[in-house]
Protein chains: 2
Amino acid sequence: MAKRISHRDSMCGVARPLDAIGDWWSLLIIRDAFDGLRRFGEFQKSLGLAKNILSARLRNLVAHGIMDTVPASDGGAYQEYVLTRKGQGLFPLLVALRQWGEDFFFEPDEPHVTLVDRVTHLPVRRLELRAQDGRMLMAEDTVIVVPSPAGEYE
Amino acid sequence: MAKRISHRDSMCGVARPLDAIGDWWSLLIIRDAFDGLRRFGEFQKSLGLAKNILSARLRNLVAHGIMDTVPASDGGAYQEYVLTRKGQGLFPLLVALRQWGEDFFFEPDEPHVTLVDRVTHLPVRRLELRAQDGRMLMAEDTVIVVPSPAGEYE
DNA sequence: CTAATGTGGTTTTAGTTTGAAACCATGATT
DNA sequence: AATCATGGTTTCAAACTAAAACCACATTAG
């Protein structure tokens, strides 16, 4: 049923997460969830996607432990969808996406929504990749290493 | 032709980037590009996706300024696909995705590929979101603010 | 020079997925 | 009891995906 990015039996550390998230819509649902939305109808209104799709995506997110259904918070008889801890772990990814968007998809003077520190109301800092010793790293400064099957003695 | 996440005329700072990337495959192509792959055949072998799909994805990435075609590096008559600066800007996103994957998709002892600092060979640091003043921020410590249309005096 | 092979695609075609709209079940409201 | 709101599921046409066949050009072998 789920569309899998197949090919290799053991999907790599990038493909596995992508497979769990499911698709773009799911990411927008998750963003809305970080924004405080919880109800089916809220997500639908915010995103404007078909109800069957929303239904399927929420079900998939719950199945993958990214969101969870809870009975109700306002006493209503319906359920709500909330991020699990696993789902909350996606926040840096959303920030990275947003910052990339700010860099390349808006004119310098074009107004756009901004993620700010709740207490100071200043924009958050740029995400930056650093080495253990604190040096800032660019993509070229990194390598992927694969673990050797047995004890790795290099 | 491109599948658009429609609904709102002005897509938000998260949807716009998603739309440009295109789909999951594109993200895997980009990851492979960071890994040094450049040729059509290399991507196809690495990802195992159909050639027509790869062709369409590469075309889309080039159209969105994320990758670019260059004549050839080894003197051959074929072209190669390389990341533009815009494309390179996606590195933090891939790192975020990978780190999330490490956190939630592998058993603690399960071996997996790791992103390491090229000079020390130590794993890179975890991405962390910080305020301007350096305080570390969780998702709950942030807010989205929308710019007021005219001069914003709050 | 000619044939064989490798690379980088496009076209074709079937199967799957998507999404809009209609429908439906349950709970709340009048 | 009737009506409305919420939260879905079902139906069905259109769009997309993907495997395979095909093709053009470049390179290598003979």
For [N], does either OP1 or OP2 sit under 4.0 Å from a side-chain N or O belonging to [X]?
{"X": "W25(B)", "N": "dT17(D)", "answer": "no"}
{"X": "Q79(B)", "N": "dG9(C)", "answer": "yes"}
{"X": "R39(B)", "N": "dT7(C)", "answer": "no"}
{"X": "R59(B)", "N": "dT10(C)", "answer": "yes"}
{"X": "S55(B)", "N": "dG9(C)", "answer": "no"}

Starting at [atom1] of [X] and ending at [atom2] of [N], how long is that distance when rounded to a whole Å?
{"X": "R38(B)", "N": "dT7(C)", "atom1": "CZ", "atom2": "P", "value": "17 Å"}
{"X": "R57(A)", "N": "dG19(C)", "atom1": "CZ", "atom2": "P", "value": "8 Å"}
{"X": "Q44(B)", "N": "dT10(C)", "atom1": "CD", "atom2": "P", "value": "13 Å"}
{"X": "K45(B)", "N": "dG6(C)", "atom1": "NZ", "atom2": "P", "value": "13 Å"}
{"X": "L54(B)", "N": "dA20(D)", "atom1": "CG", "atom2": "P", "value": "16 Å"}
{"X": "I53(B)", "N": "dT17(C)", "atom1": "CD1", "atom2": "C1'", "value": "13 Å"}
{"X": "L58(A)", "N": "dT9(D)", "atom1": "CG", "atom2": "P", "value": "10 Å"}
{"X": "D23(A)", "N": "dT16(C)", "atom1": "CG", "atom2": "C1'", "value": "15 Å"}

Exercise for the section: Go through the steps to decide whether R31(A) and L28(A) satisfy the test side chain to side chain contact (heavy atoms under 4.5 Å, CB included), and finish with yes or no. Expected result: CA-CA 5 Å; R31(A) 181 212 45 180; L28(A) 293 174; 4.1 Å; yes
Problem - Among V113(A), V119(A), T114(A), side chain to side chain contact (heavy atoms under 4.5 Å, CB included) partner for V116(A) - result: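 Result: among V113(A), V119(A), T114(A), T114(A) is the only option passing the side chain to side chain contact (heavy atoms under 4.5 Å, CB included) with V116(A).
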Exercise for the section: Determine the contact category for F43(B): base if any of its heavy atoms lies under 4.0 Å from a base atom, sugar-phosphate if only primed atoms, P, OP1 or OP2 are that close, otherwise nothing. Expected result: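 Here F43(B) touches no strand at all.
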Minimum-distance nucleotide (side-chain atoms of [X] versus [options]):
{"X": "A50(A)", "options": "dT18(C), dA28(C), dA20(C)", "answer": "dA20(C)"}
{"X": "A77(A)", "options": "dG8(C), dG27(C), dA26(D)", "answer": "dG27(C)"}
{"X": "N52(B)", "options": "dT17(D), dA20(D), dG8(D)", "answer": "dA20(D)"}

Practice task
Determine whether any donor atom in the side chain of Y78(B) lies under 3.5 Å from an acceptor atom in the base of dG6(C), or the reverse, and answer yes or no.
Solution key: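 Present.
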Exercise for the section: Go through the side-chain N and O atoms of S26(B) and D23(B) and say whether any donor and acceptor fall under 3.5 Å apart. Expected result: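 A donor-acceptor contact under 3.5 Å links the two side chains.
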Handout entry: Check: Y81(A)/Q79(A) side-chain N/O donor and acceptor closer than 3.5 Å
Key =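 Yes, because at least one side-chain N or O of Y81(A) sits under 3.5 Å from a partner of the opposite role on Q79(A).
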Handout entry: SB check D141(B) R135(B) (cutoff 4.0 Å)
Key =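 Between R135(B) and D141(B) there is no salt bridge, as every charged N stays at least 4.0 Å from the carboxylate O atoms.
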